[in-house]
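We count residues from 1, following the sequence as given. As the structure lists them, so they are numbered: ligands from 1, and atoms in each ligand from 1.
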Amino acid sequence: PGDGEPAERALRAGCQPGDWIVFVGAGDIEAEVERLTESLRAKDKRRGPWQEIAETLRLRLSEGAKVVTEEPLAKKTTLRVGGAARVYVEPASVADLQEVVREVRQRGVSLHLLGRGSNLLIPDAGVEGVVVSLRNPGWETFAVLADGRIRVGAGLRLKNLCGLAAKAGLAGFEFLEGIPGNVGGALRMNAGAMGGWMFDVVERIEVLSLTGTRLEYQREDLHVGYRHCQELQDAVALAAVLKPREVSAAEQVGRQIDVYRTKRQESQPREPSAGCIFKNPAGDSAGRLIDAAGLKGRRVGDAEVSPVHGNFIVNRGRASSADVLQLVREVRAGVKAASGIELEPEVLLYGAKWEDEL
Ligand code: EPU
């Protein structure tokens, strides 16, 4: 493209990190090459390490893995808002995941786990980090063990766990019906519904630490609480061994699932949402408090406090993450004014801190 400025403009527009540039010329071409490459490197630095991380992972991960940059995340969440992941990875095996963990650690960037995308809010600007999702079918395992317990992979959807256990005549997992998550997410959040909690049925979990070591924990060694599991704050759940409450006729388990489904359909909205947006304060229900404060139906942009259940913010179409955040602030302020209670968000805010946003 010629010397100096025009060459630099053409290179800036057409070059991706990892490309080779061949210079052909005479005279002071060497000085020009030096200047151009320095300027492009500086631009690369400003763009962050993402392209390089993705390239390294593409080389190291198995063929079945997916590694992309700038992957839009909104459609991978149940609320359907938010921007892109700088790097998005679907590892196909534990070895793949270990490579991801190692790379993230070496580069000093953050790792975010994306389950089935419920219970989280992605900022509009996206996620400055590596987002990992266990969507590869290899993570969706379900096996009945010889002793009657079941071993499930972290990527198995709760809906499928519920259905497969019912088919096998194993009771005790019906409460998981309708929670739009996978096993890994349910473990991390100690998901609960209909009076049951994920860790009520867990006997053992297998995890990968952020240093890449595989560990196993027995239920009694875990520190779990309301929507919380300490050992999974900085580790990735790989699998769990679960204990059925009893062996039962498949139809009977199915009937209990239907009861819960009907209850949920009657009391919770169907529009896209992140599930309950606030934690229940001790001894009360956030939904009831929001309702009593007259906040149902309140709107910011396309984000709306569901008229069906006060603790759900639904996306009426084109809500942004900023709309949802603003509505969260307004609902908190409204409940505080009406009842004196300060609600705490239940959903995870990716790449940002609630303290900074509220
Ligand atoms: N209520 C109202 N108005 C409302 C919503 C609820 O008056 O707008 C009243 C209900 O009538 C009921 C009480 O509040 O008397 C509790 O409501 P609900 O049974 O719907 O339960 P919740 O406490 O609001 C919890 C979980 C849900 C779970 C349901 C069903 C939390 C924050 N929420 O909701 O979990 O599905 O129980 O078991 O723990 C989630 O975590 O994302 C979630 C949706």
Side-chain angles (χ1 to χ4, degrees), residues 77-81 113-122 157-159 161-162 172-202 224-229 232 245 256-299 303-316 324 327-328 330-332 334-336 338-339 341-350 354 358:
T77 72
T78 54
L79 183 57
R80 307 203 157 251
V81 307
L113 279 156
L114 183 67
R116 299 306 299 187
S118 61
N119 232 84
L120 59 92
L121 181 59
I122 309 260
R157 289 186 204 199
L158 298 173
K159 184 178 176 343
L161 160 56
C162 203
F173 309 106
E174 301 85 286
F175 69 97
L176 296 171
E177 185 287 326
I179 299 181
N182 65 14
V183 167
L187 291 169
R188 171 128 196 259
M189 296 301 293
N190 189 13
M194 311 295 160
W197 301 87
M198 187 63 186
F199 276 95
D200 293 347
V201 295
V202 167
V224 299
Y226 176 54
R227 299 289 186 269
H228 182 79
C229 171
L232 288 173
R245 190 184 61 242
Q256 186 59 52
I257 292 175
D258 289 343
V259 169
Y260 286 153
R261 183 176 299 134
T262 308
K263 196 172 167 205
R264 182 183 290 272
Q265 284 171 351
E266 280 166 4
S267 62
Q268 297 186 0
R270 295 176 184 207
E271 295 89 351
S273 80
C276 283
I277 203 99
F278 296 104
K279 289 180 186 164
N280 279 343
D284 209 334
S285 155
R288 193 198 67 76
L289 288 164
I290 295 165
D291 193 352
L295 293 160
K296 275 181 164 178
R298 188 172 185 124
R299 240 172 130 138
E304 183 188 74
V305 177
S306 167
V308 177
H309 191 300
N311 201 8
F312 285 71
I313 288 182
V314 294
N315 182 354
R316 284 279 178 202
V324 176
L327 195 51
V328 164
E330 291 181 14
V331 169
R332 268 187 110 223
V335 169
K336 178 94 201 279
S339 65
I341 293 176
E342 217 154 55
L343 295 177
E344 292 308 322
E346 172 186 316
V347 301
L348 304 175
L349 182 61
Y350 268 33
W354 276 113
L358 294 177

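- Using a non-hydrogen distance threshold of 4.0 Å, F175 does not register as a contact of ligand 1.
- Between K159 and E177 no salt bridge is recorded (no basic side-chain N to carboxylate O distance below 4.0 Å).
- Remark: minimum distance from atom 35 (O) of ligand 1 to any protein heavy atom is reached at R227 NH2, 3.3 Å.
- Applying the 4.0 Å criterion to heavy atoms of F278 picks out, from ligand 1, the atoms 32 (C).
- Considering backbone and side-chain atoms alike, N311 places every N or O at 3.5 Å or more from each N or O of ligand 1.
- Heavy-atom contacts from other residues, nucleotides or ligands closer than 6.0 Å to NZ of K296 number more than 12.
- The protein heavy atom nearest to atom 28 (C) of ligand 1 is Q268 NE2, 3.8 Å.
- Protein non-hydrogen atoms do not reach within 4.0 Å of atom 10 (C) of ligand 1.
- Looking only at protein heavy atoms, the nearest one to atom 43 (C) of ligand 1 is C276 SG, 3.2 Å.
- Salt-bridge check for R298 with E304: failed, with every basic side-chain N at 4.0 Å or more from each acidic carboxylate O.
- At the top of the distance list for atom 3 (N) of ligand 1, counting protein heavy atoms only, stands D291 OD2, 2.8 Å.
- Counting atoms of ligand 1 from 1 in the listed order, those under 4.0 Å from a heavy atom of F312 are 44 (C).
- Taking all atoms of both residues into account, the shortest heavy-atom contact from L348 to W354 is C-NE1, 4.2 Å.
- Nearest protein neighbour of atom 31 (C) of ligand 1, counting heavy atoms only, is Y226 OH, 3.4 Å.
- Residues A191 and I179 approach most closely at CB-CD1, 4.3 Å, considering heavy atoms.
- Side-chain contact between L327 and V305: present, with at least one pair of heavy atoms (C-beta onward) separated by less than 4.5 Å.
- In plain terms, the two heavy atoms of N280 and Y226 that are nearest each other are N-OH, 2.8 Å.
- In this structure, M189 does not count as a contact residue of ligand 1, since none of its heavy atoms falls inside 4.0 Å of the ligand.
- Looking only at side-chain heavy atoms (C-beta outward), R264 and M194 come within less than 4.5 Å of each other.
- The minimum heavy-atom distance linking F312 with S273 is given by the pair CD2-OG, 3.4 Å.
- For atom 37 (O) of ligand 1, the protein comes within 4.0 Å by no heavy atom at all.
- Ligand 1 has an N or O atom lying under 3.5 Å from an N or O atom of M194, backbone or side chain.
- The single protein non-hydrogen atom nearest to atom 21 (O) of ligand 1 is H309 NE2, 4.3 Å, given as residue, atom name and distance.
- Annotation for R227: atom CZ counts as buried by contact number, over 12 foreign heavy atoms lying within 6.0 Å.
- A salt bridge between E344 and K279 is absent, with no side-chain N of the basic residue lying under 4.0 Å from a carboxylate O of the acidic one.
- Closest approach of S285 and P281 over heavy atoms only: C-CD, 4.3 Å.
- Atom 16 (C) of ligand 1 has S285 OG, 3.6 Å as its closest protein atom, hydrogens excluded (heavy atom only).
- Under 4.0 angstrom from ligand 1, there are no non-hydrogen atoms of K263.
- Protein heavy atom closest to atom 25 (C) of ligand 1, with residue, atom name and distance, is N280 ND2, 4.1 Å.
- Considering backbone and side-chain N/O of G275, none are found under 3.5 Å from N/O of ligand 1.
- D291 contributes no side-chain N or O that, together with a main-chain N or O of G310, makes up a donor-acceptor pair within less than 3.5 Å.
- Using 4.0 Å as the threshold, K296 has a heavy atom nearer than that to some atom of ligand 1.
- Of the options E266, R288, R264, the smallest heavy-atom separation from atom 1 (N) of ligand 1 is shown by R288.
- For N119, every heavy-atom contact with ligand 1 shorter than 4.0 Å involves the side chain, none the backbone.
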